[in-house]
Each structure stands twice: as C-alpha cells, then as structure tokens.
Undergrad: 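Before anything else, here's the structure in question.
Ligands are counted one by one from 1 in listed order, and the atoms in each one are counted from 1 as well. Reckoned from all heavy atoms, side chains included, excluding hydrogens, waters and symmetry mates.
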Amino acid sequence: MRKIVILTGAGISAESGLGTFRDAGGIWTKYPLEDVATPEGFARDPVLVHEFYNARRVQAAAAQPNAAHHALARLQRDWPGEVVIVTQNVDGLHEAGGARGVIHMHGTLAGALCAGCGHRWVAPETMDTTTPCPACTRPSARPDVVWFGEMPYFMDTIFDHLASADLFAAIGTSGQVYPAAGFVQEATASGARTIELNLEPSAVASNFDETRFGPASRVVPDWVSDMLGLRG
Ligand code: OAD
C-alpha cells in the first residue's frame, strides 16, 4: 500500500472550535445556506454574505489546529509513500498543523475572488461591497469559496488521485454533499481500500470497507499510529 488519499470535512475542525454545518446547532441551522452560500444569495444581499464570511475568516484565523490535523501532517511526513489531503474545509488548519500540498476543493477563506474578472488575491481580514479588485479595480470582491451551484475546484486532479489511490480515508464529513460524498465509490472502483473516520456513521458509511467512530482528535491520531505501526 503506497498512496493514501484523504478527504476531510468540517468534523476535523470541530474540536478547534469551528462549527460544523449540519450537526445540531450547526452553521446551516443558523444561516440558511441559500442566503449565504449561493451566487443568488450574494446577488440578493452581498452585505450579509460579506459579513458572514468576514466573521468566519476572523474565527478561522484565531483557531488552532487540533490533534487530528497534526496527526495527518505526521502521516504525510512519515508514511513511506504519497499522502494527498483533499479538504472541503475553507479554514487553513491543515496547513497550520504542518500539512503540505492540501487541495482545497471548496476554496479558502484566505482568498478573494473578483466576481467581475476572475482575478484572485489574498483576502484582507474583512471585505465589503466597496472592496476593489486589484486587477480590474471594480468593487466586485467576493470570498474565494465555492458556493452551492458552483463547480468545486481541482476536480480533475482529485479524480486522478482517487484513480491511483491504494487507500481512501474520509474524515469528519457527513457524506451529504456531492461530488465529495461520491469519492468513496470512485476510490472503490479504482481498487482502493476505504475507511471512514467520523463522530457517527455518515450518510455514505455503508460504502466503506472499514469505519471508526469517535471524535477526530482521538480516532485520527489512533488511526495514524496504526498506519505507521506505532501501536502494539
Ligand atoms: P457537515 O456539517 O455536513 O458534517 C460534519 C460531520 O462531522 C458530521 O458527520 C459529524 O458527525 C462529524 N463530526 C462532528 N464533530 C466531529 C468530531 N469532533 N470529530 C469527528 N467528526 C465530527 O460538514 P461537511 O461534511 O464538511 O460546503 O460538509 C460538506 C460541505 O457542506 C462543506 O464543505 C460546505 C457545506 O455546505 C460549502 O459551503 C460549499
């Protein structure tokens, strides 16, 4: 077994204090996703959408990686093959925990995107409807995050990785949002073994060869130790 492809979701950052989306009290229970996570919502009320992402950017910048983020960075460092991390998370906690080459398929809070010309730049801490694009100067800055109805980033690269994976692991994701929820089937079709690590069974748990349930800060370091042969 050489190549490991890992998909992460909001559950891996939950113990760093960043809310998940669909759990009780999750982000989508407080803010309708149609209002803050769709191009139509942004067109309707850009002030609200900027405020929502400004708050999340500030919160993510203050958050610290937890034991699960650190464990995946360790796996990347010590595994004698390739470890690719694909995340749906828009925080930077994998990188803060030491991971490298993380594929942010849903974009990142650290990025700004011009809704007019498509230029990308490093987001200031807060943006509003007057924030100009440094390339075209129009006040059309938006967060560089993927909204519902938009195509996730790096899909060709991700499917290439899944096609050559020996092991696919999904961590802290509810399995309710496609295309990410379909990665397990893609990996299985390519002959990879599959494992789910989550607080509780996801919507697609039955598609995995193995499942381990519990908080990410416990189950992920344990799994990494097992992978590296560090547990009796
Ligand atoms: P969800 O909120 O849908 O799911 C979070 C998952 O993490 C659930 O299955 C929880 O059981 C699990 N979980 C919660 N706390 C945990 C912990 N301490 N340890 C391990 N697991 C835990 O979040 P995602 O699956 O990431 O997209 O959601 C996928 C996408 O939907 C997001 O990227 C976002 C959202 O709408 C966009 O905004 C485009």
Undergrad: Are Val83 and Val219 grouped together when hydrophobic residues (ILVMFWY) are joined by side-chain heavy atoms under 4.5 angstrom apart?
TA: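 As far as the 4.5 Å side-chain criterion goes, Val219 and Val83 are connected within one cluster.
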Undergrad: Show which atoms of ligand 1 fall inside a sub-4.0 Å distance from at least one heavy-atom site of Gly9.
TA: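 Listed by number with element, the hits are 26 (O).
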Undergrad: Look only at the side chain of Thr38 and the backbone of Gly41, and say whether a donor-acceptor pair between them is shorter than 3.5 Å.
TA: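 Such a contact is found between Thr38 side chain and Gly41 backbone.
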Undergrad: Got a donor-acceptor contact below 3.5 angstrom from the Glu150 side chain to the Pro39 backbone?
TA: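 No; judged by distance alone, with no hydrogens or angles, the pair does not exist.
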Undergrad: Within ligand 1, which atoms have a heavy atom of Glu15 less than 4.0 Å away?
TA: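 So the answer, numbered in order with elements, is 17 (C), 18 (N), 19 (N).
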Undergrad: Honestly curious: do Val122 and Met127 fall in one hydrophobic cluster under the side-chain, below-4.5 Å linking rule?
TA: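 Different clusters.
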Undergrad: Would you mind checking which non-hydrogen protein atom is closest to atom 12 (C) of ligand 1, with the distance to 0.1 Å?
TA: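 The answer is Asn198 OD1, 3.3 Å.
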Undergrad: Counting distance only, does the side-chain N/O of His69 pair as donor-acceptor with the main-chain N or O of Asn66 below 3.5 Å?
TA: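 Yes; at least one donor-acceptor contact below 3.5 Å.
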Undergrad: How would you list, by chain and number, every residue that makes a ring pair (Phe, Tyr, Trp, His ring centres under 6.0 Å) with Phe208, sequence neighbours excluded?
TA: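 By the ring pair (Phe, Tyr, Trp, His ring centres under 6.0 Å) rule, Phe208 matches no residue at all.
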Undergrad: Any N/O of Gly175 closer than 3.5 Å to an N/O of ligand 1?
TA: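 No, since none of the N or O atoms of Gly175 sits under 3.5 Å from an N or O of ligand 1.
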Undergrad: Provide, to 0.1 Å, the distance between atom 30 (C) of ligand 1 and the closest protein heavy atom, together with that atom's residue and name.
TA: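 Residue, atom and distance for the closest contact: Val177 CG2, 3.8 Å.
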Undergrad: Would Ile27 and Val36 count as a side chain to side chain contact (heavy atoms under 4.5 Å, CB included) here? Give the steps.
TA: CA-CA 10 Å; Ile27 294 170; Val36 296; 6.0 Å; no
Undergrad: Counting only heavy atoms, tell me which of Thr173, Val90, Leu7 gets closest to atom 24 (P) of ligand 1.
TA: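 Of the listed residues, Thr173 has the closest heavy atom.
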Undergrad: Which residue holds the protein heavy atom closest to atom 1 (P) of ligand 1, what is that atom called, and what is the gap in Å?
TA: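 Heavy-atom neighbour on the protein nearest atom 1 (P) of ligand 1: Ser174 OG, 3.7 Å.
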Undergrad: Taking the six-membered ring of Tyr153, is the NZ or CZ of Arg120 close enough (under 6.0 Å from the centre) and on axis enough (within 45°)?
TA: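 So Arg120 does make the cation-pi contact.
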Undergrad: Heavy atoms only: which of Phe21, Trp28, Tyr178 is nearest to atom 36 (O) of ligand 1?
TA: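 Closest candidate by heavy-atom distance is Trp28.
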Undergrad: Taking only heavy atoms of Gly172 into account, list the atoms of ligand 1 that are under 4.0 Å away from them.
TA: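 Taking each heavy atom of Gly172 in turn, ligand 1 has 5 (C), 6 (C), 7 (O), 21 (N) under 4.0 Å.
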Undergrad: So, does Thr173 use its side chain to make a donor-acceptor pair with the main chain of Thr8 at under 3.5 Å?
TA: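 Checked: no pair found.
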Undergrad: Out of Ala216, Ala181, Ser202, Ser217, who is nearest to atom 20 (C) of ligand 1 when you count heavy atoms only?
TA: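 Checking each option, the heavy atom nearest atom 20 (C) of ligand 1 is found in Ala216.
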Undergrad: Considering only protein heavy atoms, which is closest to atom 33 (O) of ligand 1, and at what distance to one decimal place?
TA: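 The closest heavy atom on the protein side is His106 ND1, 2.8 Å.
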Undergrad: Only heavy atoms count here, so choose which of Met105, Gln176, Arg22 is nearest to atom 31 (O) of ligand 1.
TA: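 Of the listed residues, Arg22 has the closest heavy atom.
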Undergrad: Decide whether the shortest distance between a heavy atom of Trp147 and an atom of ligand 1 is less than 4.0 Å.
TA: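 Under 4.0 Å: no for Trp147.
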Undergrad: For atom 29 (C) of ligand 1, find the nearest protein heavy atom and state the residue, atom name and distance (0.1 Å precision).
TA: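 Sorting protein heavy atoms by distance from atom 29 (C) of ligand 1 puts Gln88 OE1, 3.3 Å first.
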Undergrad: Among all protein heavy atoms, pick the one closest to atom 16 (C) of ligand 1 and tell me residue, atom and distance.
TA: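 Heavy-atom neighbour on the protein nearest atom 16 (C) of ligand 1: Gly11 O, 3.6 Å.
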Undergrad: Is it true that Asp35 and Arg44 make a salt bridge, defined as a side-chain N closer than 4.0 Å to a carboxylate O?
TA: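 Here Asp35 pairs with Arg44 in a salt bridge, since their nearest N and O are under 4.0 Å apart.
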Undergrad: How far is atom 21 (N) of ligand 1 from the closest protein heavy atom, and which atom is that?
TA: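 Checking every protein heavy atom, the shortest distance to atom 21 (N) of ligand 1 gives Leu199 N, 3.2 Å.
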Undergrad: Need the ligand 1 atom indices (1-based, order shown) with element for anything under 4.0 Å from a heavy-atom of Glu200.
TA: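 Within the 4.0 Å cut-off of Glu200, ligand 1 contributes 11 (O).
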Undergrad: Could you establish whether Leu33 and ligand 1 come within less than 4.0 Å of each other, counting only heavy atoms on the residue side?
TA: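 Flag not set, Leu33 not near ligand 1.
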Undergrad: Find all atoms of ligand 1 within a distance of less than 4.0 Å from any non-hydrogen atom belonging to Pro215, and give their numbers and elements.
TA: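 Listed by number with element, the hits are 19 (N).
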Undergrad: Report whether Leu197 and Trp79 are members of the same hydrophobic cluster (ILVMFWY, side-chain heavy atoms less than 4.5 Å apart, transitive linking).
TA: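 Per the 4.5 Å side-chain linkage, Leu197 and Trp79 are co-clustered.
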Undergrad: I need the nearest protein heavy-atom contact for atom 39 (C) of ligand 1: residue, atom name and distance, please.
TA: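 The closest heavy atom on the protein side is Val146 O, 3.1 Å.
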Undergrad: Where the side chain of Thr87 meets the backbone of His104, is there a donor-acceptor pair that is under 3.5 Å apart?
TA: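 Not at all, since once roles are kept as given, no pair shorter than 3.5 Å links the two residues.
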